[in-house]
Each structure stands twice: as C-alpha cells, then as structure tokens.
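See below for the structure under consideration.
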There are 2 protein chains.
Amino acid sequence: MNTQAEIDDFVLNGHLYYIPHVSLDCAIFGYHDQQLKLLLIKHKAIDGWCLPGGYIKRTEKLVEAANRNVKERTGIDNLFLQQFKTFGDPNRARMDEFDEEKWFEATGIRITKDNWLIDQTISIGFYAITDFSKTELQKDMLIEDCAWFDINELPKLEFDHDEMVSEALHAMRVQLYHYPIGINMLPEKFTLSEIHALYETLLGKKLDVSNFPKKLIALGLLKKLDEKRSIGAHRSPHLYVFDKEKYSQALKDGVVLS
Amino acid sequence: MNTQAEIDDFVLNGHLYYIPHVSLDCAIFGYHDQQLKLLLIKHKAIDGWCLPGGYIKRTEKLVEAANRNVKERTGIDNLFLQQFKTFGDPNRARMDEFDEEKWFEATGIRITKDNWLIDQTISIGFYAITDFSKTELQKDMLIEDCAWFDINELPKLEFDHDEMVSEALHAMRVQLYHYPIGINMLPEKFTLSEIHALYETLLGKKLDVSNFPKKLIALGLLKKLDEKRSIGAHRSPHLYVFDKEKYSQALKDGVVLS
DNA sequence: AATTATTTAGTAAAAATTACTAAATAATAA
DNA sequence: TTATTATTTAGTAATTTTTACTAAATAATT
C-alpha cells in the first residue's frame with residue numbers, strides 16, 4: 001500500500017480480489033539475546049496498537065496470505081507460521097465506533113459505512129517466531145508506526161488483540177514442548193548455552209542447565225561439531241548444528257520436552 | 001430450514017443476517033459400546049456425503065453457531081465443542097462445478113451465480129464428541145440423509161472434508177491426552193472398564209487394563225462409590241463418578257495421560 | 001459351598017527424570 | 001610458561017514415573 005492509487009483501489013475494489021468479512025492477524029514473536037518481543041503496529045486511522053494483519057486474496061491459501069503479511073512488515077519470507085485460533089465474536093471490533101473523519105485523514109479517501117471494509121469480520125490468528133535482530137521493519141502509507149515491544153511490557157491493544165496475543169503465546173509454548181520450532185532463532189552453528197537460553201526465554205521458565213541440552217542431544221536433534229567458539233573469559237563452548245533429518249522428522253511426528 | 005418460505009428467505013436474504021464467505025463444519029464423533037462413529041449428511045443439492053455445517057449469524061459467537069448446528073442435527077445442546085482449524089484453500093470447494101439445475105430441484109428456488117451462497121468461503125472446523133445412542137438425528141428440507149458412519153468405514157467425502165475429518169480426529173486425540181473430555185460419553189456412574197474402553201476406542205489403541213484406570217484415580221479425577229453394578233457372570237465392578245472439581249480444574253490446566 | 005472369570009490391589013522391574021558432583025577446558029593473569 | 005579461574009559438559013546417584021506382572025478379592029453361577 002505505497003501509493004494513493006493503490007489505497008483508492010483497495011478501498012473501492014478490494015472486495016473483488018480479497019475475501020470480504022475475513023481477515024487474519026499475526027502475532028510475530030521476536031527473539032534475540034534472551035529477549036522475547038512482539039511486533040505491533042499503529043494504523044493511521046486507529047488510535048492504539050494492533051497486531052499486524054490484513055486480508056486474504058481470493059487466490060491465496062491462508063498460510064500464503066499470512067506469509068505475505070509477515071513479509072510485508074518484517075522483510076522476512078517463509079517464516080514458520082502456525083494457525084492457532086479463529087476469532088469471531090460479534091463485537092470483537094465495534095465498527096459503530098468507526099471514526100469517518102479520522103479514516104478520511106488517514107487514507108485520503110472517504111470511506112462510507114457501506115464500504116466492504118466497514119462490516120463484521122472474523123479473523124484467523126497466526127503466530128510466527130523470528131530473530132528480531134534480523135528483521136527490517138517496514139511501514140506503508142496506512143501505517144504510522146511499527147515496532148518491537150518486550151513481551152512483558154505490552155501496551156493495551158485494540159479490539160480483541162490482547163486475547164489473541166495471550167492465545168498465541170499459549171499455543172506457541174505448547175507447540176514448543178512438542179515440536180522443535182527454534183531453528184530460525186539461532187545461527188546455523190550455535191552453543192548449548194544459546195539454545196538453552198532460547199528455550200528458557202520462549203517458555204518463560206527456567207530449564208536445567210545441564211539436563212536440558214542433554215535431552216536435546218539424546219533425542220538426536222543436535223549434532224556436535226569439532227569446532228568451538230570463543231565468547232569471552234573462560235568460555236569456549238562446542239558448536240552444534242541441528243540434525244536436519246531428525247529435525248524435520250520431529251516437526252512431523254512430534255517429540256516431548258519436559 | 002423447514003418451510004419453503006424459510007428456504008427462499010435464506011437464499012435471497014441470508015447475507016443480511018449471516019456472515020457471507022464464512023461457514024463452519026462440525027466433525028461430530030459419536031461413541032457407544034466401543035464403537036466410534038462420525039455423523040455425515042447428504043445435501044439434496046450435492047451428490048456425496050459431507051460434514052454437517054452451516055453459516056454464522058451476525059449476532060452469534062463462533063462456538064454458539066457451532067452449537068446451534070450440532071443441536072439442529074443431533075438434538076443435543078451444549079456439547080463439548082472445540083475449534084481445531086480453519087480451512088481456506090482457494091479451491092477447497094470448486095464452485096465452477098456448481099450444478100444450477102440440481103440446486104433448483106433441491107431447493108425449489110433458482111440460485112444464480114451471483115447469489116451470496118455461490119462464492120468463495122472459508123470454513124471454521126469444530127469437533128465434538130457425544131454418545132450416539134442418545135442422539136436423535138434430524139434432517140430438514142435441504143438434507144436428504146443424515147447418518148452415523150463407523151470411523152473406519154467412512155465414504156469418500158465432498159470438498160476438503162476428508163482432510164477436515166483427519167485433522168479433527170488428530171486434534172481430538174491430542175486433546176484427549178491433555179484434557180479429560182470424556183465426561184459426556186459415560187453415564188454419570190460408570191465402571192473402570194467402561195472408561196477404559198472409551199479411551200481405547202477414542203484413541204484407537206490399547207491401554208493397559210490395570211494401569212490406565214489407576215492413573216485416572218491417582219490424578220484424582222475419579223471418585224470411587226460404595227455401589228457396585230451387576231453386569232453379568234462373575235462381574236460386579238465398583239462404580240465411579242468424576243470428581244467435578246478436579247475434572248474442571250484438569251479441563252482448565254491440563255493433565256497428562258500416557 | 002465350590003467354581004469361575006473379572007476386577008482391582010499390590011509389587012517388582014524398567015525407564016525416565018531430576019539433582020548433584022566433578023572433570024575438562026581455554027582465557028586470563030602472574 | 002604455568003597457575004588460576006569460571007564456564008562447559010560429562011558422569012552418576014537419587015528420585016520419580018511408567019510399565020509389566022502377579023495374585024487376592026469378588027459375586028454370579030453351578
């Protein structure tokens with residue numbers, strides 16, 4: 001949405017190439033250096049912070065639409081994306097509070113109450129995890145701001161997005177116990193401390209410093225390399241890589257962490 | 001949908017009180033006597049078997065809409081209903097194969113290609129479990145047939161409903177390991193053999209005849225009564241009830257079966 | 001009252017988890 | 001160069017959980 005012509009066309013004709021009444025919202029979790037963050041955006045036409053989201057093209061699969069949305073904001077393609085819940089409460093987005101003037105200012109086009117955008121919408125929630133230090137946040141003409149927030153310092157979100165975040169976080173943590181979904185958050189070669197810190201941060205709880213990595217190794221998910229890395233005084237841990245085959249097997253069949 | 005006037009109104013004005021482009025489908029599993037069945041329906045306007053489903057009223061929450069649909073078919077209200085996935089592939093229901101004449105015959109009203117019903121739809125999948133011996137299947141004017149099928153002898157289903165069933169079954173079984181969702185399938189007072197058979201059937205695998213019930217008791221989910229039941233030669237097992245408090249606690253927080 | 005097969009309690013064996021100890025290591029400082 | 005150091009990581013002991021197996025209790029039947 002980078003030109004006024006694009007915006008005008010989206011508002012007037014969007015219902016022809018997007019599916020009306022259906023949107024999606026993405027809880028994009030970002031990890032780096034033992035910090036867990038969430039990507040939020042501020043629309044020009046809406047006062048508070050929201051999850052990034054958008055509409056689904058009539059030619060797209062749901063996950064493709066989610067991927068397009070994630071890529072538009074973060075610049076990253078083909079992130080691990082997981083559908084976690086669909087939201088459809090009749091008053092999840094109260095359009096009676098719709099401020100026509102503010103929308104006109106923001107979009108440069110007058111949106112009437114019979115426009116396809118101003119109608120009840122159910123929204124499909126996806127979550128993703130990425131390394132936030134590798135993203136390049138991108139706004140567009142309808143987005144005033146786009147930023148990473150620490151997961152423990154989130155502002156109050158608009159609509160039902162608080163509930164979405166809490167459900168997304170829960171779904172992500174449950175999945176983390178059953179599937180190895182951490183591969184995108186670590187460099188190709190990493191230390192046991194790094195993967196230990198990653199899981200502790202994502203799960204929001206302490207894991208045993210010795211037993212947890214041993215479990216990953218016992219499961220066959222990690223392969224030890226002959227290399228080491230110097231990361232400071234008295235510290236030269238071995239480097240590991242994921243065993244690609246075991247990893248994708250575990251993604252398919254599931255594993256159990258404890 | 002029990003009069004021609006209702007059908008006409010639904011076809012012509014349904015988009016005013018239902019959300020267009022969004023439907024829901026319910027995989028209703030039925031258990032009784034160590035048999036697991038699935039409820040299927042045959043629409044008059046469609047050749048093969050389908051999951052029961054319908055549209056969402058603009059005033060309804062998603063789960064309320066699902067509940068209404070389940071009640072319309074089975075006569076049972078307030079079943080345990082669980083959203084498991086939303087389906088939105090662009091070619092999940094190929095409306096180019098829509099047979100206008102057949103629809104006219106079935107519905108008594110001519111549906112043109114610009115009708116709200118003939119457009120791309122994403123569908124929200126729910127599953128439920130009930131005791132099929134307690135249901136009273138109900139058709140309506142648009143439904144030719146409605147019946148329970150053994151889970152191992154399902155016909156090929158229309159649209160993407162085969163995939164829905166497989167996803168629903170998987171979701172139900174995963175949940176069964178984590179939450180006690182069997183309460184509706186047993187009489188209020190039941191024997192350890194009965195709950196053992198229930199779980200074996202739902203999970204589709206053998207569970208130890210002695211250890212499995214012990215686990216349920218150890219978790220505190222079951223309370224032993226002073227009563228027994230005579231169910232045949234040499235058989236007078238104790239009766240048990242669910243501990244309501246522990247049960248709802250486990251529904252909320254989760255438990256782990258193995 | 002004896003017989004029977006299911007029900008269910010009990011326990012032993014095995015496996016998995018958790019807690020703890022200490023050896024190996026390489027960067028630093030003497 | 002050698003001693004010191006704190007992290008890394010291997011090893012093992014303790015504990016808990018799971019699984020497998022045995023047998024006692026039970027009430028309907030003969």
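So you know, we letter chains A, B, ... as the sequences are listed, proteins then strands, and number each from 1. Atom set for the values below is all heavy atoms of this structure, side chains included, hydrogens, waters and symmetry mates excluded.
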Go through it in stages, so that I can follow the logic: the residues are Ile143(A) and Lys42(A), the test is side-chain contact (heavy atoms from CB on, under 4.5 Å), and I'd like the CA-CA distance, side-chain angles, deciding distance and then a yes or no.
CA-CA 6 Å; Ile143(A) 295 177; Lys42(A) 191 175 253 172; over 6 Å; no

Whole angstrom value for the distance that separates C1' of dT6(C) from CZ of Arg229(B)
14 Å

Checking side chain to side chain donor-acceptor pair (under 3.5 Å) for the pair Thr130(A)/Asn184(A): CA distance, chi angles, key distance, verdict?
CA-CA 6 Å; Thr130(A) 186; Asn184(A) 297 306; over 6 Å; no

I need the CG-P distance between Leu192(B) and dA25(D), as an integer number of Å.
19 Å

Leu239(A) CG to dT7(D) C1', straight-line distance once rounded to whole Å:
15 Å

From CZ of Phe212(B) over to C1' of dT7(C), roughly how many Å is that when rounded to an integer?
16 Å

Salt bridge (charged side-chain N to carboxylate O under 4.0 Å, His left out) assessment of Arg229(B) paired with Glu194(B):
CA-CA 12 Å; Arg229(B) 174 135 46 88; Glu194(B) 283 170 339; 3.3 Å; yes

Sugar-phosphate or base contact per nucleotide [nucleotides 15-20 of chain D; S, B, -; heavy atom under 4.0 Å]
---SBB

Do the non-hydrogen side-chain atoms of Gln83(B) and Leu62(B) ever get within less than 4.5 Å of each other?
yes

Could you tell me how far apart Lys224(B) (NZ) and dT8(C) (P) are, to the nearest whole angstrom?
7 Å

Verify the contact: side-chain N or O of Ser193(B) to OP1 or OP2 of dT6(C), cut-off strictly under 4.0 Å; return yes or no.
no

Consider the side chain of Lys228(A), meaning its heavy atoms from C-beta on, and name the nucleotide among dT25(C), dT7(C), dT8(C) that approaches it most closely.
dT25(C)

Decide if the gap between the ring center of Phe212(B) and the ring center of Tyr199(B) is smaller than 6.0 angstrom.
yes

From NE2 of His238(B) across to C1' of dA24(D) the rounded distance in Å is 13 Å

dA16(C) C1' sits how many Å from Leu216(A) CG, rounded?
16 Å

For residues Phe190(B) and Phe242(B), establish whether the separation of their ring centroids is below 6.0 Å.
yes

Specify the separation, in whole Å, of atom CD1 of Ile217(A) and atom P of dA10(D).
6 Å

